[in-house]
Amino acid sequence: MSDDNVTRERAPGPEVAYEHLLSLWTSGVRDYHSMLSDYLMANSIFVAVIGLTVSRESEGTSFIVLIILLCIFGILLCLQMAIVLGRLSGQNALWEWQLRGIEMRPEWQGQKLMAGLYQLHETRQEIKDPGNKPPVFKPNWAFRRHRQWWAHRAVSFPWFFGCVYGVFFIWALTQLQKQLSGNP
């Protein structure tokens, strides 16, 4: 038996491959949202600690150095957040692309879930199903806006928190400079 025959015999049908890819996609979406939640919590804690430290209005150099260090770690956390969420988002897009490829095959008899999702997201076209009520599903405002840069959580949240850390960082540097130069 040749290697080609063995490969053909072991190759899963489109239904099996679709099921595996759908499982990967759903777990990827779950992981994306879990990581997003974890990063939001970590950034919120960092910002709260920095805010509480600033509100103490302590003139000590150690507090200012602590704020600077927390801001640096926060900015690094934002970079990591952007990279990890961007990677997970790209990975999920790959699974969606492969699922759509299976759905577009002539032998595919199942529902075309990913093709419909793509139709809503990318082309912003309504989905028609005469057997459903209502027979037409129209893309809403969020579907029409999700491709803009500010709508991407992997982009907008790191930018938001990065700006907050940047403001605190600049404030702390000016306070440190005042202290070191002896100006009140």
Side-chain angles (χ1 to χ4, degrees), residues 1-47 73-165:
M1 194 179 282
S2 72
D3 288 338
D4 289 336
N5 290 339
V6 171
T7 304
R8 271 189 240 125
E9 289 176 12
R10 290 186 193 166
E15 293 82 12
V16 174
Y18 188 84
E19 188 176 319
H20 289 306
L21 285 168
L22 192 60
S23 178
L24 285 169
W25 179 76
T26 54
S27 65
V29 169
R30 182 191 63 238
D31 292 345
Y32 177 86
H33 289 287
S34 176
M35 289 298 289
L36 175 64
S37 176
D38 293 345
Y39 277 119
L40 288 176
M41 183 172 295
N43 277 300
S44 297
I45 290 169
F46 265 70
V47 168
F73 288 135
I75 290 169
L76 291 174
L77 184 65
C78 286
L79 288 172
Q80 183 187 31
M81 178 183 187
I83 292 167
V84 169
L85 292 179
R87 183 189 64 80
L88 284 173
S89 180
Q91 181 177 299
N92 292 338
L94 172 64
W95 303 142
E96 284 181 34
W97 178 74
Q98 290 178 335
L99 286 164
R100 278 195 320 274
I102 292 173
E103 289 176 355
M104 294 301 144
R105 292 181 186 169
E107 68 269 12
W108 180 253
Q109 299 298 317
Q111 279 189 303
K112 297 185 177 188
L113 300 172
M114 291 298 146
L117 186 63
Y118 181 81
Q119 190 173 340
L120 283 172
H121 277 210
E122 304 304 325
T123 63
R124 297 175 188 92
Q125 294 176 354
E126 49 192 40
I127 300 173
K128 296 176 183 173
D129 182 2
N132 209 339
K133 296 221 181 210
V136 175
F137 185 84
K138 297 179 181 179
N140 63 14
W141 181 84
F143 279 114
R144 293 188 303 269
R145 298 290 173 252
H146 92 283
R147 283 289 173 207
Q148 296 172 345
W149 73 266
W150 52 268
H152 287 284
R153 292 169 285 200
V155 174
S156 60
F157 284 130
W159 270 109
F160 170 75
F161 283 109
C163 289
V164 171
Y165 292 130

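Hydrogens, waters and symmetry mates play no part in the numbers below; they use all other heavy atoms, side chains included.
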Any chance you could measure L117, atom CG, to W25, atom CH2, to the nearest 0.5 Å? 6.0 Å
Residue set satisfying side-chain hydrogen bond (donor to acceptor under 3.5 Å, both in side chains) with E103, at least two apart, ordered chain then number -> Y18
For the student: nearest non-hydrogen atoms of V47 and F161, plus distance: CG2-CD2, 3.9 Å
Taking atom CG of L99 and atom CG of N92, what is their separation to the nearest 0.5 Å? 10.5 Å
Quick one: does S23's side chain have a donor or acceptor within less than 3.5 Å of a partner on E19's backbone? no
For M81 against F157, the heavy-atom pair lying closest together: CE-CB, 3.4 Å
Heavy-atom closest contact (C78 atom, G162 atom, distance): SG-N, 3.5 Å
Residue set satisfying side-chain contact (heavy atoms from CB on, under 4.5 Å) with E107, at least two apart, ordered chain then number -> P14, R105
Does F137 reach the side chain of D129, with side-chain heavy atoms less than 4.5 Å apart? no
To the nearest 0.5 Å, tell me how far Q80 CD sits from I75 CD1. 14.0 Å
Using residues 33-46 as the side-chain source, report each donor-acceptor pair under 3.5 Å to any protein atom, sequence neighbours left out, with the distance given to one decimal.
from	atom 1	to	atom 2	distance (Å)
N43	OD1	Y165	OH	2.8
N43	ND2	Y39	O	3.0
S44	OG	L40	O	2.7

Kindly write out the residues that satisfy side-chain contact (heavy atoms from CB on, under 4.5 Å) with Q98, not counting sequence neighbours, or none if the list is empty. L21, L94, W95
Go through the steps for I102 and M114 under the test side chain to side chain contact (heavy atoms under 4.5 Å, CB included), then give the verdict. CA-CA 10 Å; I102 292 173; M114 291 298 146; over 6 Å; no
Please identify each residue that fulfils side-chain contact (heavy atoms from CB on, under 4.5 Å) with E126, with sequence neighbours left out. K128, V136, K138, P139
How far apart are the closest heavy atoms of R100 and A115, and which atoms are they? CG-N, 3.8 Å
Non-neighbouring partners of Q91 that pass side-chain hydrogen bond (donor to acceptor under 3.5 Å, both in side chains), sequence neighbours left out: R87
d(D31 CG, L85 CG) to nearest 0.5 Å is 11.0 Å
